[in-house]
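Input: a single structure, listed below in structure tokens.
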Amino acid sequence: MNIVPHIAVVGAGAFGGWTALHLLERGARVTLIDAWGPGNSRSSSGGETRVMRGTYGPDQPYTDLAARALKLWARYERKWKRQFLHRSGVLWMASARDDAFERGSIEMLRSAKIRHESLSAAQMKRKWPQINFKGIEWGIFEPECGYLDARASCAAVVEAFAAAGGQYRQIGVLRRKEAAPIQNRGIVLSDGTCLSADFYVFACGPWMGRLFPKAVRDLIRPTKQDVFFFGPPARDSIYFTDLHLPVWADHRDHFYYGIPGNDRRGFKIADDTRGPDFDPTDGERVISPENLRRVRKYVEFRFPALRDAPLIETRVCQYEQTPDSHFIIDRHPENEAVWLLGGGSGHGFKHGPAIGEMMAELILKGRHPAPIWRLERFKKR
């Protein structure tokens, strides 16, 4: 491009914030807007922490994407002199009866040059006696991965964006008729004004289907996800922090995962099973008693010292789930100036810096996204 393009990015979460920053760094004029602010409690990027991992099974693009994201997280941490990635390590526990996911991950990790090691059950027992490894045969440990500060890093990206000359506004976008010629009048904001740009990126998380009922419709489905924090007993509390325990994942029955105690918030655990449909705007964020009962039973089994640990905090977030769990990164089928970016499907946050970099290249160089991200993959459906 010979002129400086003006690009409007709607949504200041992990995808939108990083996209706005990368576009600005490459010389574009960028306006970033968000209805409730970066990392707010309604958003899919809200909350305190997210997992950073490279283990993803075989034949997928996410291990390479995570490897790139790891480098970018480190780069911006150095640049901003702040830490967001806590390298406590990530442990994947594999059972003998079903370890295809973990075994398929090994070559992908090796190819992406993400440090990892395979551990026997005996080795894991010696390293982490807090965990009951019954039913676990072996595991993958990623020592350079761990967890990310979610809400804090979203805010930092927007702060850096504004400090570098980007325009950020906390304001909403009114729902509009999808067929309206957006390039003629721009997008209508909640104060009645219009925002016009050369290109538009909609990274609106669980609201994508509402804004684009034709192009996106139910291809992004918000699901209710309950998160629990338990308080370890005082005598054992240090052993359930990130000083002594990694982030962990267990595929045995349900896919449970957890983040050890950090910032004195307790031991975090969640069931990765997709929950019921959820309204991200007006939904009441109250955990399910049945989910709490099931999680308590699991905690008693896998972490015996937490048998009687009190529940000290809960959160309800949402996934923005696509039918195949792959992201949506594509132009609107009726408007080449509009980009649709979403469908994090419960695993998108870690990739934010790499997704933002990818989006900047796609938009500014007029490139096409890989088929795995494009909307046309859903045509048969």
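Along the sequence shown, residues are numbered consecutively beginning with 1. Nothing here was measured: the structure is a model prediction, and the numbers come from that model. Every heavy atom of this structure was used, including side-chain atoms; hydrogens, water molecules and symmetry mates were not.
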Is a donor on one side and an acceptor on the other found under 3.5 Å between the side chain of [X] and the backbone of [Y]?
| X | Y | value |
| --- | --- | --- |
| His347 | Ser325 | yes |
| Ser111 | Met108 | no |
| Arg151 | Asp149 | no |
| Arg50 | Gly46 | yes |
| Asn40 | Ser43 | yes |
| Asp250 | Tyr256 | no |
| Arg53 | Thr55 | yes |
| Thr19 | Phe15 | yes |
| Arg68 | Leu65 | no |
| His6 | Ser196 | yes |

Shared hydrophobic cluster, [X] / [Y] (ILVMFWY, side-chain heavy atoms < 4.5 Å):
| X | Y | value |
| --- | --- | --- |
| Trp138 | Val90 | yes |
| Trp339 | Ile372 | yes |
| Leu91 | Val51 | no |
| Ile171 | Trp207 | no |
| Ile287 | Val227 | no |

Salt bridge (Lys or Arg N to Asp or Glu O under 4.0 Å) between Arg87 and Glu77, worked out: CA-CA 13 Å; Arg87 295 165 177 80; Glu77 284 182 322; 3.4 Å; yes

Option from Val10, Asp330, Ile355, Val9 for which side chain to side chain contact (heavy atoms under 4.5 Å, CB included) with Leu341 holds: Ile355

Option passing side chain to side chain contact (heavy atoms under 4.5 Å, CB included) with Phe229 (candidates Thr314, Ile312, Ile259):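 Per the side chain to side chain contact (heavy atoms under 4.5 Å, CB included) rule, the option paired with Phe229 is Ile312, out of Thr314, Ile312, Ile259.
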
State whether [X] and [Y] are salt-bridged, where the test is any N-O pair (Lys NZ or Arg NE/NH1/NH2 against Asp/Glu carboxylate O) under 4.0 Å.
| X | Y | result |
| --- | --- | --- |
| Lys79 | Glu25 | yes |
| Arg26 | Glu361 | yes |
| Glu290 | Arg294 | yes |
| Lys71 | Glu357 | no |

Phe301 and His254: CA distance, side-chain angles, deciding distance, ring pair (Phe, Tyr, Trp, His ring centres under 6.0 Å) verdict: CA-CA 13 Å; Phe301 167 73; His254 284 263; over 10 Å; no

side-chain contact (heavy atoms from CB on, under 4.5 Å) between Trp128 and Trp248, intermediate numbers included: CA-CA 11 Å; Trp128 302 292; Trp248 55 270; over 6 Å; no

Steps toward side-chain contact (heavy atoms from CB on, under 4.5 Å) verdict (Arg296, Leu311): CA-CA 9 Å; Arg296 276 195 182 280; Leu311 181 68; 3.8 Å; yes

Indicate whether any N or O donor in one side chain lies under 3.5 Å from an N or O acceptor in the other, for [X] and [Y].
| X | Y | result |
| --- | --- | --- |
| Ser95 | His251 | no |
| Asp242 | Tyr147 | yes |
| Ser44 | Glu320 | yes |
| Tyr298 | Asp271 | no |

Geometric class of the Phe230/Phe228 ring pair [parallel <30°, tilted 30-60°, perpendicular >60°]: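 It falls in the parallel class, under 30°.
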
Plane angle bin for Phe327 and Trp373 - parallel if under 30°, tilted between 30 and 60°, otherwise perpendicular: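 Rings of Trp373 and Phe327: parallel, under 30°.
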
Verdict with supporting geometry, Trp36 and Thr281, side-chain contact (heavy atoms from CB on, under 4.5 Å): CA-CA 10 Å; Trp36 288 290; Thr281 302; 4.0 Å; yes

From CA spacing to verdict: ring pair (Phe, Tyr, Trp, His ring centres under 6.0 Å), Tyr168, Phe161: CA-CA 8 Å; Tyr168 170 70; Phe161 168 79; 7.6 Å; no

Full working for side-chain contact (heavy atoms from CB on, under 4.5 Å) between Met124 and Ile136: CA-CA 10 Å; Met124 292 188 290; Ile136 302 300; 3.7 Å; yes

Residue list, side chain to side chain donor-acceptor pair (under 3.5 Å) with Glu107, at least two apart or on another chain: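 Applying side chain to side chain donor-acceptor pair (under 3.5 Å) to Glu107 gives Arg110.
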
Atom [atom1] of [X] with >12 non-hydrogen neighbours under 6.0 angstrom:
| X | atom1 | answer |
| --- | --- | --- |
| Asp191 | CG | yes |
| Phe133 | CZ | yes |
| Arg307 | CZ | no |

From Arg285 atom CZ to Arg42 atom CZ, the distance as rounded to the nearest 0.5 Å: 7.5 Å

Intermediate values then yes/no, salt bridge (Lys or Arg N to Asp or Glu O under 4.0 Å), Lys268 and Glu48: CA-CA 10 Å; Lys268 176 179 176 178; Glu48 301 304 312; over 6 Å; no

Partner set under salt bridge (charged side-chain N to carboxylate O under 4.0 Å, His left out) for Asp34, not counting sequence neighbours: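 Counting only residues at least two positions away or on another chain, Asp34 forms no salt bridge (charged side-chain N to carboxylate O under 4.0 Å, His left out).
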
